[in-house]
Number of protein chains: 2
Amino acid sequence: MAKNKKILIVEDEPLIAEDIKECLQSINYNVCGICHNKEQAFEALEECNPDFVILDINLGNNQDGIVIAEHINDKYDIPFIYLTSYSTKSVLEQVRGTHPMGYVVKPFVEADLFSSIEIALFNHTKLVRPSVFGIELINANIVDALTNKEFEILDDMYNGKSNTEIAENHFISINTVKTHAKKIYEKLDTHSRAETIVRIREWLSQ
Amino acid sequence: MAKNKKILIVEDEPLIAEDIKECLQSINYNVCGICHNKEQAFEALEECNPDFVILDINLGNNQDGIVIAEHINDKYDIPFIYLTSYSTKSVLEQVRGTHPMGYVVKPFVEADLFSSIEIALFNHTKLVRPSVFGIELINANIVDALTNKEFEILDDMYNGKSNTEIAENHFISINTVKTHAKKIYEKLDTHSRAETIVRIREWLSQ
DNA sequence: TGCAATATCATCCCGTTGGGTGATTTACAG
DNA sequence: CTGTAAATCACCCAACGGGATGATATTGCA
């Protein structure tokens, strides 16, 4: 398994941070930084480009872990878990709102941390499915492949354009658009725009 | 928050199972069944249609929890977490292969269980169907809210159905469908099916 | 060079869709 | 009880979309 993942630790207690670090290194993770407060965390996120973040909720006197989580959600696309002992109802409400990929309660055991990280990383790759729809994706699902022009037309159709609009965008006659559309329906085995859009949606979300 | 989710517990120790059950009920989850072995679990999965499963890995002398997890992956689309004390390296390898949505180590605390379930449910909806679109979501984006009937029609439109098909599905005249469609376009500020589908797609992916 | 695939455009036809207008019944709240 | 909102249906018409057929460049590969 590839464990070259860079992990950032955010934990205000130096001793616990070291403990986590050693634990991670013993299971072959690469700890790219340890932060003790919000400011350090913001800096480290920008500079060492971590693949994963472990957050303590309580940093000093406040729940800055949640602030960091929101910051990660805003600016980055990095999975994170909470590793904390803080667990009152009201804080948990907030925590859930930040959509963490996991939650580990202290005191933790190595296996606990390991499995949580693995699960979080796995789920994240599944979540971050780019779902960019390209001609390759379409052609992977049909026998008679689309031509490039047909795909361009299909792209416009998928984005809700009418035949007239498509004709204007491509500087071609509406008749030509209809000819292409017919071929597209034939190849995708659909019979209307709406049906075609739904078909593509299904392929994208697989 | 809606906690009508039906949760299935698979745990061979009756006392621990009861403990989990009470814990879940105290945080307003609906426990739809308790299973003590693989066979009971297979039956319960089929019969009580749970929304979520909590799995102990060790059932009796073997790791049937993993077998159940594989079965869930094969036949169903239900998120599950492990709640177990078993944590040797070799078992953890297997565990990761079953792609659980979480992993809680015994002894557990209520908050731990709660947050793990919430996170698992959230991630699962994002994983499985990034496009669960409800009337609330639509109405959150428009000024003049859709009625329930209008939403039902919109749902069918979003799924590529023609007016004729919608009329048949709802046992109403095609004229009525058109009337509803007109109101929908007015409210969503669109002028065609394709445009409407795209509009919804935008709202869903935000 | 010549065939095949592709892109282009046209015309006809008809069914569907979108827009306008109006009417009836049911249900619910003031 | 009365008015308003919702659901139901009808008719008309213009525009658009989808299916069929056929024709003419252009391109690229055999």
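Chain naming here is simple, since letters A, B, ... match the order of the sequence lines and numbering starts at 1 in each. Because only heavy atoms are used, hydrogens play no part in the values below, and waters and symmetry mates are left out as well, while side chains stay in.
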Glu165(A) side chain vs Lys161(A) backbone, donor-acceptor pair below 3.5 Å: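 No.
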
Short side-chain to backbone donor-acceptor contact, Asn30(A) and Lys6(A), under 3.5 Å: no

Roughly, in whole Å, what's the span from [atom1] in [X] to [atom2] in [N]?
X         : N      : atom1 : atom2 : answer
Leu154(A) : dA7(C) : CG    : P     : 13 Å
Asn148(A) : dA5(C) : CG    : P     : 16 Å
Ile135(A) : dT6(C) : CD1   : P     : 11 Å

Going from [atom1] on [X] to [atom2] on [Y], what distance comes out if it is rounded to the nearest 0.5 angstrom?
X         : Y         : atom1 : atom2 : value
Lys187(A) : Leu146(A) : NZ    : CG    : 5.5 Å
Leu55(A)  : Thr84(A)  : CG    : OG1   : 9.5 Å
Asn49(A)  : Ile78(A)  : CG    : CD1   : 6.5 Å

Proximity to DNA chain D (any heavy atom under 4.0 Å), residues of residues 174-196 of chain B only: Asn175(B), Thr176(B), Thr179(B), His180(B)

Strand contacts (DNA chain D) in residues 161-173 of chain B, 4.0 angstrom heavy-atom criterion: Ile172(B), Ser173(B)

Minimum heavy-atom distance between Ser116(A) and Ile81(A), given as atom pair plus value: CB-CD1, 4.1 Å

Nearest heavy-atom neighbours spanning Leu188(B) and Arg199(B): O-NH1, 2.7 Å

Asn163(B) and its side-chain hydrogen bond (donor to acceptor under 3.5 Å, both in side chains) partner, picked from Glu168(B), Lys178(B), Arg193(B):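 Only match with Asn163(B) under side-chain hydrogen bond (donor to acceptor under 3.5 Å, both in side chains): Arg193(B).
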
